[in-house]
Amino acid sequence: MGVWGFLKTQFVVHLLIGFVFVVSGLILNFLQLCTLPLWSYNKQLYRRINCRMSYSLWSQLVMLLEWWSGTQCTLFSDQETVSHFGKEHVIIILNHNFEIDFLCGWTMCERFGVLGSSKVLAKKELLMVPLIGWTWYFLEIVFCKRKWEEDRDTVVNGLHSLRDYPEYMWFLLYCEGTRFTETKHKISMEVADKKGLARLKHHLLPRTKGFTTAVQCLRGTVTAVYDVTLNFRGNKNPSLLGILYGKKYEADMCVRRFPLEEIPQDEQEAAAWLHKLYQEKDALQEQYIQEGTFPGTQIVPPRRLWTLLNFLFWATLLLSPLISFAIGIFASGSPLLILAFMGFMWTASFAVRRLIGVTEIERGSSYGNSAVKKTD
C-alpha cells in the first residue's frame, strides 16, 4: 500500500471529507432557501439555479466514486441508445440491489450532464434527512409515503409540475419499492404466486402504480424509458463506506431504451408491460451471474474534471480556516477549548456516519418485510 492508499484508510481524512460535504451542503441549502422568492417571479430561473447548487453537492459524492475510489462504470448498450443520453427527458428504471446503486446512477447522470436536474420518486422519510432531503425539496423531488391511497394526489401533482422543467431530467424509479433482501424476496414471490405472476429470481415484484402514473403524467414531456440493470464484477457487494476507504469496484450497467410510444396508455396494459420488463431484467441478471457480462457493446463514458474541481474548491474554501482554527486551539493550551473542538469534530463524524447509514442495506426500510393485504 502506497502513501495515497494509506491516506484513503485514515479516519482523519474521512472526517475532513465529511466536514467539507456537510458544511458545503449546509451553505448550499441556505443559498437554496434564499432563492425561494424567485419562484414567484421567475420559476425557470429558480430551477436552473437550484440545479447547479444541487450539482455542487451531489458531485462531491460522485467524485468519491470516480476519483477517490477509482470505481469503473461500464455501459452495455449500443451507440444509437447512448447518442440520446443527456438530450431528452426520460424515466429511468433501476434495480435496487446494492447500497451504492444510486451513486452509480448519479455517475452516469454526471457524465451526460444531467446530475443537477436528476429526479427520483423518494420515500417521505428522506425529506427530514439533513442535506439529502433538504436539497431534494428545493429540486421539487416527489416524496411519497408508499401508501397509494394517501400518495395519489401528491404524486400526480408533483409529476404534473415537472412537465415544463427547463433542463433535461432523468427521473429515477425504483419500481420494486425497496432494496432487495432475501426476506423481502420470499414475501414478494408469495404475492406473485397468489396473483398468478411470473416468479423472479433476482428482483422483487415491481409495484406498478408509480410507474404507470409517471408515464401518464409525463407523457408529452418524457420521450423514453431507460431500463438499467446493474451488477458488479467479482460478485462484489460494495458500500458507501467502502468507497470512502478507497476501495475500487467495477460496475456494469446494461441500458436499454424504449420510446414512450411503445408503452401502452392503458394502465393495466402498462402494468403488464412493466412486469414483462422485470422478467427480462431477471434474465439479464441471470446471464450476468452465469457469464460475467451483459449483452451489448461495452461503452465507458469518460469521467469529467468538474466533480474533482468542485470538491477542490470547497475543500480549499473550508479546510484552510478549519486547519488554522485547529492550530490556534491547540496552541492556546486551553483544555476547555481543546475538548470543545474535539467534541465538535466527534459530532461531525457522527453526522457523516448517520448519513452513510441511510444507504446501508441492514439499516434499510422495513417496507416489503411483511406481507400486505393489497398490492398493486
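Because the structure is a prediction, the values reported are computed rather than measured.
Using a distance-only test at 3.5 Å, with no hydrogens or angles considered, a donor-acceptor pair links the side chain of Glu176 to the main chain of His96. The backbone N or O of Ser56 sits less than 3.5 Å from a side-chain atom of Asn310, completing a donor-acceptor pair. At least one donor-acceptor pair under 3.5 Å links the side chain of His89 to the backbone N or O of Met169. No donor-acceptor pair closer than 3.5 Å links the side chain of Ser188 to the backbone N or O of Lys184. Panel note: side chain Trp68, backbone Leu244; a donor-acceptor pair is recorded below 3.5 Å. Side chain of Ser83 to main chain of Glu80: a donor-acceptor pair is present (N/O by atom type, distance under 3.5 Å, no hydrogens or angles). A donor-acceptor pair is defined here as one N or O able to donate and one able to accept, closer than 3.5 Å; no such pair exists between the side chain of Ser59 and the backbone of Val62. Remark: side-chain polar atoms of Thr213 are not paired, donor with acceptor, to backbone N or O of Gly210 under 3.5 angstrom.
With 3.5 Å as the limit, one finds a donor-acceptor pair spanning the side chains of Gln60 and Ser24. For the residue pair Asn50 / Thr35, a side-chain donor-acceptor distance below 3.5 Å is found, with atom types taken as modelled. A donor atom on one side chain and an acceptor atom on the other are not found under 3.5 Å apart for Gln298 and Thr74.
In the hydrophobic clustering of this structure, Val129 groups with Trp106; members are Ile, Leu, Val, Met, Phe, Trp, Tyr whose side-chain heavy atoms approach within less than 4.5 Å, directly or through other members. Transitive grouping of hydrophobic side chains (ILVMFWY, heavy atoms separated by less than 4.5 Å) keeps Ile141 and Val156 in distinct clusters. Note: the hydrophobic cluster containing Leu312 also contains Leu322 (ILVMFWY, side chain heavy atoms under 4.5 Å, direct or indirect links). Under the 4.5 Å side-chain heavy-atom criterion for ILVMFWY residues, a single connected hydrophobic cluster contains both Trp4 and Tyr249. A single hydrophobic cluster is seen to contain both Phe311 and Leu319, as judged by linkage of ILVMFWY side chains at heavy-atom distances under 4.5 Å, directly or through other members.
A 6.0 Å sphere centred on CG of Asn235 holds no more than 12 heavy atoms belonging to other residues, nucleotides or ligands. Shown here is Phe330, whose CZ atom has more than 12 heavy atoms of other residues, nucleotides or ligands within 6.0 Å.
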Identify each donor-acceptor pair in which a side-chain atom of residues 130-137 lies under 3.5 Å from a protein atom, sequence neighbours left out, and give them as a table.
unit_1: Thr135; atom_1: OG1; unit_2: Asn29; atom_2: ND2; d: 3.0
unit_1: Thr135; atom_1: OG1; unit_2: Leu131; atom_2: O; d: 2.6

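Atom OH of Tyr245 and atom OG of Ser239 lie 10.0 Å apart (nearest 0.5 Å). Distance check, rounded to the nearest 0.5 Å: CG of Leu197 to CE of Met189 gives 9.0 Å. Within the model, atoms OG of Ser69 and CG of Leu103 stand 8.0 Å from one another, a figure rounded to the nearest 0.5 Å. Atom CG of Asp193 sits about 10.0 Å away from atom CG of Leu205, to the nearest 0.5 Å. For the atom pair CG (Leu115) and OH (Tyr55), the distance works out to 6.5 Å, reported to the nearest 0.5 Å. Atom CZ of Phe102 is separated from atom CG of Leu230 by 12.0 Å, given to the nearest 0.5 angstrom.
The hydrophobic side chain of Leu336 is isolated, with no ILVMFWY side chain under 4.5 Å apart from it. Hydrophobic cluster membership of Tyr288, counting Ile, Leu, Val, Met, Phe, Trp and Tyr whose side-chain heavy atoms lie under 4.5 Å apart directly or via other members: Phe76, Leu284, Phe294.
Considering every non-hydrogen atom in both Ile92 and Val228, the closest pair reads CG2-CG2, 3.9 Å. Residues Cys73 and Pro301 approach most closely at O-CD, 4.2 Å, considering heavy atoms. Between Ala270 and Ile263, the shortest heavy-atom distance links the atoms CB-CG2, 4.3 Å. Heavy atoms only, all atoms of each residue included: Thr212 and Ala271 are closest at CG2-N, 3.8 Å. Taking every heavy atom of both residues into account, Val114 and Gly86 meet most closely at CG1-CA, 4.0 Å. Pairing each heavy atom of Met253 with each of Cys104, the nearest pair is CE-O, 4.0 Å.
Screening residues 23-38 for salt bridge (charged side-chain N to carboxylate O under 4.0 Å, His left out) gives no qualifying pairs among residues at least two apart or on separate chains. Annotation: side-chain hydrogen bond (donor to acceptor under 3.5 Å, both in side chains) contacts involving residues 155-168, sequence neighbours excluded, comprise Lys43-Asp164, Arg47-Asp164, Arg48-Glu167, Arg52-Glu167, Lys119-Tyr165. Within the structure, ring-ring contact (aromatic ring centres under 6.0 Å, His included) contacts touching residues 215-244 (residues at least two apart or in different chains) are Phe85-Tyr226, Phe98-Phe232, Trp170-Tyr226. The stretch residues 278-302 participates, sequence neighbours left out, in these salt bridge (charged side-chain N to carboxylate O under 4.0 Å, His left out) pairs: Lys201-Glu286, Asp227-Lys281, Arg256-Glu280, Lys276-Glu280. Applying the side-chain hydrogen bond (donor to acceptor under 3.5 Å, both in side chains) rule to pairs touching residues 259-274 yields Lys209-Glu267, sequence neighbours excluded.
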Stepwise side-chain hydrogen bond (donor to acceptor under 3.5 Å, both in side chains) check, Asn97 with His202: CA-CA 9 Å; Asn97 299 70; His202 307 291; over 6 Å; no
Leu57 and Met53: CA distance, side-chain angles, deciding distance, side-chain contact (heavy atoms from CB on, under 4.5 Å) verdict: CA-CA 7 Å; Leu57 183 61; Met53 286 195 283; over 6 Å; no
As a quick check of understanding, evaluate side-chain contact (heavy atoms from CB on, under 4.5 Å) for Leu33 and Leu36, giving each step before the final call. CA-CA 6 Å; Leu33 182 64; Leu36 280 178; 3.6 Å; yes
Between Leu162 and Phe171, does a side-chain contact (heavy atoms from CB on, under 4.5 Å) hold up when you go through it step by step? CA-CA 10 Å; Leu162 296 175; Phe171 193 98; 3.9 Å; yes
Could you walk me through whether Asn95 and Tyr174 pass side-chain hydrogen bond (donor to acceptor under 3.5 Å, both in side chains), step by step? CA-CA 6 Å; Asn95 56 301; Tyr174 287 119; over 6 Å; no
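For the side-chain hydrogen bond (donor to acceptor under 3.5 Å, both in side chains) test with Glu66, the passing option among Arg303, Arg111, Gln72, Arg304 is Arg111; the others fail.
Remark: Phe313 engages Leu317 in a side-chain contact (heavy atoms from CB on, under 4.5 Å) (not counting sequence neighbours). Remark: Leu305 engages Trp67, Leu308, Leu309 in a side-chain contact (heavy atoms from CB on, under 4.5 Å) (not counting sequence neighbours). For Ser77, the side-chain contact (heavy atoms from CB on, under 4.5 Å) test picks out Thr81, Val82, Val255, with sequence neighbours left out. With sequence neighbours excluded, no residue satisfies salt bridge (charged side-chain N to carboxylate O under 4.0 Å, His left out) with Arg152.
When side chains are defined from C-beta on, Glu110 counts as touching Trp306, because their heavy atoms get closer than 4.5 Å. A 4.5 Å side-chain heavy-atom check between Leu121 and Val155 finds at least one atom pair inside the cut-off.
A ring-centre distance under 6.0 Å is found for His185 and Phe180.
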